[in-house]
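Hydrogens, waters and symmetry mates are skipped; everything else that's a heavy atom, side chains included, is used.
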Amino acid sequence: MSQMIVVHAPDSSGGRRVHVDSEILGLAHWNEEQIATSPMIEWRGGGPDSWPAPWGMETP
């Protein structure tokens, strides 16, 4: 059985808490275009297009 990666809503820095099963991996910042359609990621609270980019960052 493969493990599920879970990505939570962004915090005030724009980072998203990420965990695999019950193990917390940390806070992630990335290019959302590259991971938006991955079948290995379960988005909770909305997908990558649900939140604006943090201040000072532009989306493509």
Side-chain angles (χ1 to χ4, degrees):
M1 184 168 148
S2 61
Q3 297 176 319
M4 180 63 69
I5 299 169
V6 179
V7 180
H8 295 271
D11 66 11
S12 60
S13 75
R16 299 170 193 258
R17 186 170 47 95
V18 179
H19 69 268
V20 175
D21 295 330
S22 62
E23 181 181 350
I24 296 173
L25 300 179
L27 192 63
H29 293 84
W30 56 67
N31 179 334
E32 291 177 351
E33 270 186 51
Q34 295 175 340
I35 52 86
T37 59
S38 174
M40 295 180 60
I41 299 175
E42 176 184 338
W43 293 90
R44 294 193 179 173
D49 58 346
S50 296
W51 303 286
W55 291 104
M57 296 179 69
E58 293 183 22
T59 54

ILVMFWY clustering at 4.5 Å (side-chain atoms), partners of V6: M4
Closest approach of P10 and R16, non-hydrogen atoms and distance? CD-NH1, 3.7 Å
Partner residues of E23 under the salt bridge (charged side-chain N to carboxylate O under 4.0 Å, His left out) criterion, sequence neighbours left out: none
Examine L27 and V7 and state if one hydrophobic cluster contains both, with Ile, Leu, Val, Met, Phe, Trp and Tyr joined whenever side-chain heavy atoms are less than 4.5 Å apart. no
NE2 of H8 to CZ of R44, rounded to nearest 0.5 Å, is 5.5 Å
